Amino acid sequence: MTDDRHTLENNLAALGRTHYALAERLAQTAPAALEWTTTKSGDLSAAVLHDGKPRQLASRFDPRKEAAQLIEPVDFERNACVIVLGFGLGYHVEEVVREIGEKGFSLVYEPDIAVLRAVFERRDLRQLFTSQRMILCDDTIDRSTLTRYFDGFNAVIAQGTQLVTHPPTRAMHAEAFAEFSRLVTDTLAYCRTTLATTLVNASRTVGNLLGTLPFYAAGESINDLRNAAKGATAVCVSAGPSLARNIDLLRERRWRDNVVVIAAQTALRPLLDRGVEPDFVTALDYSAVSRRFYENLPPLPNVTLI
């Protein structure tokens with residue numbers, strides 16, 4: 001077993017603890033042909049062939065000094081989130097993770113997974129993946145995945161977010177960088193809106209929790225619903241263009257008698273207007289506006305509100 005293989009396996013094992021799918025893709029990817037050199041500082045540097053010309057991924061003289069200079073403009077006191085565009089050889093990523101520590105969050109995007117695989121073969125990067133506060137992603141990232149990554153760090157992101165761009169990677173993948181930047185901008189806006197909504201609703205949330213405390217303490221729990229519809233086919237009904245086209249199907253007994261109907265609160269009245277009683281109604285939004293969905297309803301003893 002060569003040292004390169006040993007280094008790769010160690011890196012993939014460390015990455016796989018938090019990024020299993022990416023580790024699997026890296027394991028199955030052929031590495032880019034990098035030209036490696038040892039710099040005067042004793043660190044590794046490398047160049048990749050791009051458009052017929054070698055493109056240096058890190059300084060030929062002192063990669064760590066270059067990395068420190070690259071992240072020098074980042075104000076880590078005011079920005080708890082740093083988004084890094086381009087992994088390169090990882091020196092600047094190590095600097096960002098070291099500076100952030102456990103008080104912040106970093107997301108690193110690398111569009112060229114073949115280059116990433118080659119770097120994983122030569123540099124020991126295990127320390128990068130000891131914390132779950134650093135996320136590494138490739139060009140398979142999409143909006144839903146990025147939103148899921150950000151969800152646990154909304155408060156951190158709101159404290160301030162700054163971008164760090166790796167110049168060589170940007171020069172080779174300008175279009176991918178532009179597309180990812182738009183994705184990040186949209187997702188960050190969503191996260192800030194979510195946090196603002198949570199803060200605005202904080203007092204109402206506390207009031208609702210206190211108001212329903214007797215029901216939590218002495219009423220039925222969700223355990224009473226366990227296996228209540230085991231083996232049944234469920235039909236989830238929500239508001240939208242398809243509702244008007246399909247709602248009348250549930251009026252037919254051959255359909256209604258063989259399914260469990262779970263309705264969003266917005267779909268409750270349209271169902272009742274057509275003589276269809278759902279089995280369950282979900283109330284997900286507790287705002288005052290939601291009261292109108294339950295006003296002037298007839299008794300519904302067979303409908304469970306969740």
Side-chain angles (χ1 to χ4, degrees), residues 20-21 132 142-158 186-187 189-306:
Y20 178 78
Q132 295 186 8
D142 55 23
R143 186 181 303 276
S144 62
T145 305
L146 187 59
T147 300
R148 178 165 51 83
Y149 285 154
F150 282 174
D151 269 347
F153 297 99
N154 284 346
V156 173
I157 291 169
D186 291 345
T187 308
Y190 164 78
C191 291
R192 293 188 181 102
T193 300
T194 300
L195 180 61
T197 302
T198 301
L199 293 174
V200 168
N201 287 333
S203 60
R204 186 181 298 142
T205 299
V206 173
N208 284 341
L209 290 174
L210 293 175
T212 55
L213 185 59
F215 298 97
Y216 282 122
E220 296 178 345
S221 75
I222 197 170
N223 287 332
D224 294 289
L225 297 177
R226 184 178 178 85
N227 294 327
K230 185 176 181 180
T233 299
V235 173
C236 297
V237 184
S238 60
S242 63
L243 180 59
R245 295 195 302 268
N246 300 311
I247 192 171
D248 287 326
L249 290 174
L250 292 175
R251 298 178 65 182
E252 300 181 29
R253 302 312 306 178
R254 62 193 180 103
W255 296 114
R256 181 64 188 90
D257 292 345
N258 291 289
V259 297
V260 172
V261 177
I262 304 170
Q265 60 188 11
T266 51
L268 176 59
R269 193 175 295 277
L271 284 171
L272 295 176
D273 288 344
R274 286 166 172 78
V276 178
E277 281 194 7
D279 297 287
F280 301 97
V281 175
T282 59
L284 304 180
D285 186 355
Y286 51 70
S287 70
V289 177
S290 298
R291 292 176 185 169
R292 71 178 189 270
F293 300 123
Y294 305 99
E295 291 174 349
N296 303 316
L297 291 178
L300 300 170
N302 298 319
V303 179
T304 300
L305 176 64
I306 301 176

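Keep in mind that this is a model prediction, so the values were computed, not measured.
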Trainee: According to side chain to side chain donor-acceptor pair (under 3.5 Å), does anything in residues 224-236 pair up with another residue at least two apart or in another chain? List the pairs.
Mentor: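 Checked against side chain to side chain donor-acceptor pair (under 3.5 Å) - neighbours excluded - no pair reaches residues 224-236.
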Trainee: What I'd like to find out is whether the side chain of Val237 reaches to under 4.5 Å of the side chain of Ile247, using heavy atoms alone.
Mentor: no
Trainee: I want to check something: taking the side chain as every heavy atom from C-beta on, are Leu210 and Val206 in contact at a cut-off of under 4.5 Å?
Mentor: yes
Trainee: If you round to the nearest 0.5 Å, how far is CG of Leu271 from CG of Leu243?
Mentor: 6.5 Å
Trainee: Can you sort out the partners of Arg253 under side chain to side chain donor-acceptor pair (under 3.5 Å), two or more places apart, ordered by chain and number?
Mentor: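 Residues passing side chain to side chain donor-acceptor pair (under 3.5 Å) with Arg253: Asp257.
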Trainee: So do Phe280 and Leu225 actually touch side chain to side chain, heavy atoms under 4.5 Å?
Mentor: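 Yes, their side chains come closer than 4.5 Å.
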Trainee: For Arg251, which residues count as a side chain to side chain donor-acceptor pair (under 3.5 Å) partner, sequence neighbours excluded?
Mentor: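 Partners of Arg251 by the side chain to side chain donor-acceptor pair (under 3.5 Å) criterion come out as none, since no residue qualifies.
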Trainee: For Asp142, what residues pass the side-chain contact (heavy atoms from CB on, under 4.5 Å) criterion, not counting sequence neighbours?
Mentor: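 Listed in chain order: Ser144, Thr145.
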Trainee: Name all residues meeting the side-chain contact (heavy atoms from CB on, under 4.5 Å) criterion together with Ser238; count only those two or more places apart in sequence or in a different chain, and write none if there are none.
Mentor: Ala264
Trainee: Would you give me the side-chain donor-acceptor pairs under 3.5 Å for residues 292-306, sequence neighbours excluded?
Mentor:
unit_1	atom_1	unit_2	atom_2	d
Arg292	NH1	Val289	O	3.2
Tyr294	OH	Gln265	OE1	2.6

Trainee: Among Val276, Val281, Thr282, find the residue that satisfies the side chain to side chain contact (heavy atoms under 4.5 Å, CB included) test when tested with Leu268.
Mentor: Val281
Trainee: What is the distance from atom CG of Asn258 to atom CZ of Arg256, rounded to the nearest 0.5 Å?
Mentor: 10.0 Å
Trainee: What are the two closest heavy atoms between Pro270 and Thr266, and how far apart are they?
Mentor: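 So the two residues come closest at CD-O, 3.6 Å.
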